[in-house]
Amino acid sequence: MARKTKVSRESDAVLDISIFNDVGRFLQGRLGLSPAVEWYVGKTAKSIEYAVREVRNVDSWRMSAADSVVNVERNLKTVFGDFGRGVHFLNSSRLDWGFELLETQITRGFAQFLNAGTDRWLRVDRCVRLANALDRFGSGQSVTFREALAEAKDAYCATEYGDNAGRIDLLILFFPNLARKRPSAAIAMECKMNADLGAGQLRKYDQMFRKKKLREAGNSGLDIDLPPWIEKYLVARSRDSIGSKHKIGSDWTVVPWGSLFASYEICRGDEGAEIFTSGHLNSDGDFARFMRTVFETGGGKFS
Amino acid sequence: MSITLPETLVKYYGDEAWHGSIESLLEAKPDKFPEHLKWEEQLHYHEAFLAAEVTRFDYHKAMWNLWQFCWGDGYRKIEKVVGEPKAKWDTFKELAPNAVWDEGLWREYSQDSDTAKYAMLGVDIGNDHLRVAIYVSAGGRKDTMDEHALRAILEGIPENTYEVFEDETVYLTHPSCRLGLKKDDGKAEFDVSELAEICTGVLDRLAKLK
């Protein structure tokens with residue numbers, strides 16, 4: 001594909017470079033220089049032609065975008081979400097506490113913001129929005145899972161749920177009732193920032209999820225029923241940071257932190273999101289600063 | 001004698017989200033496509049990516065203009081301080097796009113020896129300043145600023161136009177070069193005549209040093 005692109009770029013040439021070829025022929029004919037010199041002159045001509053084209057490209061980009069700021073802003077918002085709406089993490093400064101957040105602090109902080117205190121609707125909104133954000137990574141969430149989200153009356157983000165075999169960092173449960181019993185769907189997130197993935201770590205979680213009950217170690221310590229369907233994600237600095245030595249099953253989707261937050265912000269624009277977030281801007285501001293901090297901790301990259 | 005910053009830089013300095021987006025796009029690898037985006041969003045990403053590159057180019061171009069106004073071919077005078085080079089001045093490795101973006105536009109004038117005197121000229125544009133920098137080493141194993149050069153640089157220039165950093169690099173500016181872009185007045189033109197005059201004076205005084 002790359003070669004094809006290069007060829008078509010050259011065949012589109014609109015500049016007259018024949019003068020350089022003429023110079024090459026002159027040098028060869030009159031001065032008796034070798035074909036290598038002619039080749040060199042021809043190559044130089046190509047380089048000049050390419051450089052001029054690149055400069056023209058920049059200028060034509062500018063001209064085609066006479067309304068450039070509006071145009072660029074539209075594209076930036078497609079990539080990062082609408083930073084003109086509410087409090088966007090890129091519009092927020094990172095928390096300057098003089099140290100980098102550890103993985104456990106990141107996961108517990110994330111859970112705290114997703115749970116949104118006592119505000120049940122905001123909690124459901126944030127958890128569903130996160131599910132939507134994760135769905136953009138092509139994990140192929142099932143119809144049953146999506147239906148469960150649509151009918152969720154409450155949600156809860158648990159930390160370190162598991163048993164002696166292992167504890168998953170985040171388990172987001174969606175309930176079809178207010179009693180917070182028998183969740184109808186769940187999202188499992190293993191979060192990596194600096195630590196490496198343990199040997200067979202994800203496989204142990206897969207075995208753990210076959211059980212019907214799990215205990216939360218981090219917060220309440222309560223047993224909870226597991227739903228029949230769990231969507232599984234591995235969040236990391238980048239896909240490359242996981243390393244090739246780990247075999248990741250096809251039912252786990254790798255999600256970079258930066259892309260996750262960009263995707264989350266894109267999903268803020270989803271229908272209905274405004275209803276839930278209005279009146280909670282301060283809380284969103286704290287969440288945005290937290291996201292910005294984690295984003296920067298992960299290197300400020302989104303891919 | 002003025003420098004006009006293009007809209008790309010005005011937005012970059014004036015809008016925090018825009019700033020964060022551009023920084024993030026410049027960190028993105030060209031061989032990767034963000035996994036959270038959809039097939040139909042590909043051109044939006046590529047145009048955003050291009051906008052980030054254009055912003056970086058505009059930044060470099062603005063600094064080049066500042067260099068031309070303030071330092072110009074000042075190296076001819078610098079040569080009188082550090083001696084004519086035996087070979088080409090430098091390898092221009094500090095001109096890599098990301099180096100200029102991260103560090104500003106610098107040029108080092110040095111002989112091919114670790115202990116010889118050397119000098120550095122630079123320009124820098126930030127979110128609240130537009131300034132130039134100069135450093136002249138005393139030579140020898142200990143890398144310190146040449147005292148005579150420092151006196152010559154600071155001689156007769158107003159106090160509010162210079163700052164000597166911890167590493168002894170002298171930064172020169174002028175009140176007319178304070179950006180203040182966060183004001184929503186869309187102004188992005190800066191008069192650099194006074195700063196250019198200061199720079200000319202600095203180079204002239206250095207050239208007279210024995």
Side-chain angles (χ1 to χ4, degrees), chain A residues 54-55 57-59 61-62 64-65 67-85 87-94 133-139 238-240 253-256 258-267 288 292 295-296 298-303, chain B residues 4-62 64 97-98 101-102 127 181-182 184 186 188:
Chain A
E54 288 302 297
V55 171
N57 284 345
V58 171
D59 286 343
W61 178 82
R62 268 189 217 295
S64 72
D67 53 340
S68 61
V69 168
V70 176
N71 191 39
V72 172
E73 193 159 287
R74 182 172 55 91
N75 292 317
L76 292 179
K77 285 178 177 177
T78 303
V79 178
F80 296 101
D82 189 351
F83 42 71
R85 173 187 242 172
V87 186
H88 191 287
F89 80 91
L90 285 176
N91 248 333
S92 310
S93 53
R94 69 177 295 175
L134 290 166
D135 194 34
R136 289 179 67 92
F137 289 85
S139 55
S238 68
R239 185 175 287 277
D240 297 341
T253 304
V254 179
V255 175
S259 277
L260 173 62
F261 294 141
S263 186
Y264 187 81
E265 291 290 4
I266 290 169
C267 294
R292 179 64 184 258
F295 179 71
E296 299 287 342
K301 298 173 186 173
F302 61 91
S303 64
Chain B
T4 304
L5 296 188
E7 274 184 312
T8 47
L9 292 180
V10 175
K11 286 294 282 183
Y12 175 78
Y13 285 125
D15 184 326
E16 189 163 354
W18 187 289
H19 188 282
S21 309
I22 296 295
E23 287 284 353
S24 186
L25 284 160
L26 287 173
E27 288 283 339
K29 294 179 183 169
D31 61 344
K32 296 266 168 73
F33 184 76
E35 295 178 47
H36 70 283
L37 295 180
K38 296 177 178 174
W39 168 263
E40 55 272 26
E41 291 165 342
Q42 56 182 294
L43 285 189
H44 291 283
Y45 176 69
H46 282 262
E47 202 163 358
F49 195 85
L50 177 62
E53 291 291 346
V54 170
T55 303
R56 182 157 66 176
F57 170 78
D58 285 344
Y59 177 69
H60 194 159
K61 192 173 172 186
W64 170 249
N98 59 346
W101 179 254
D102 291 339
N127 60 356
L181 280 174
K182 285 182 181 172
D184 232 6

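In this structure, A:Thr78 and B:Tyr45 have side chains that are not in contact, with every pair of non-hydrogen atoms separated by 4.5 Å or more. In this structure the side chain of A:Val79 never reaches within 4.5 angstrom of the side chain of B:Phe49, judged on heavy atoms. Between A:Val72 and B:Leu50 there is no side-chain heavy-atom pair separated by less than 4.5 Å. Between A:Phe80 and B:Leu25 the shortest side-chain heavy-atom distance falls below 4.5 Å.
Only the side chain of A:Phe295 comes within contact range of chain B, with heavy atoms under 4.5 Å apart. Interface remark: A:Val255 contributes no atoms to any contact with chain B (heavy atom separation under 4.5 Å). For chain A, no part of B:Leu26 is nearby; none of its heavy atoms comes within less than 4.5 Å. Residue A:Glu296: no heavy atom, backbone or side chain, is found under 4.5 Å from chain B.
Of the listed residues B:Gly20, B:Ala48, B:Ser24, B:Ala52, the one with more heavy-atom pairs under 4.5 angstrom with chain A than any other is B:Ser24. Interface summary for chain A: among B:Glu16, B:Lys11, B:Lys38, the most heavy-atom pairs under 4.5 angstrom belong to B:Glu16.
The CG atom of A:Asn75 sits 9.0 Å away from atom CG of B:Leu43, with the distance rounded to the nearest 0.5 Å. Note that CG of A:Leu260 is 11.5 Å distant from CD of B:Glu35, once rounded to the nearest 0.5 Å. Taking NE2 of B:His44 as the start and NZ of A:Lys77 as the end, the distance is 13.5 Å to the nearest 0.5 Å. Rounding to the nearest 0.5 Å gives a distance of 8.0 Å between CG of B:Leu37 and OG of A:Ser263.
Distance alone, capped at 3.5 Å, places no donor-acceptor pair between the B:His36 side chain and the A:Gly258 backbone.
A salt bridge links A:Arg136 with B:Glu41: the closest approach of a Lys/Arg side-chain nitrogen to an acidic carboxylate oxygen falls below 4.0 angstrom.
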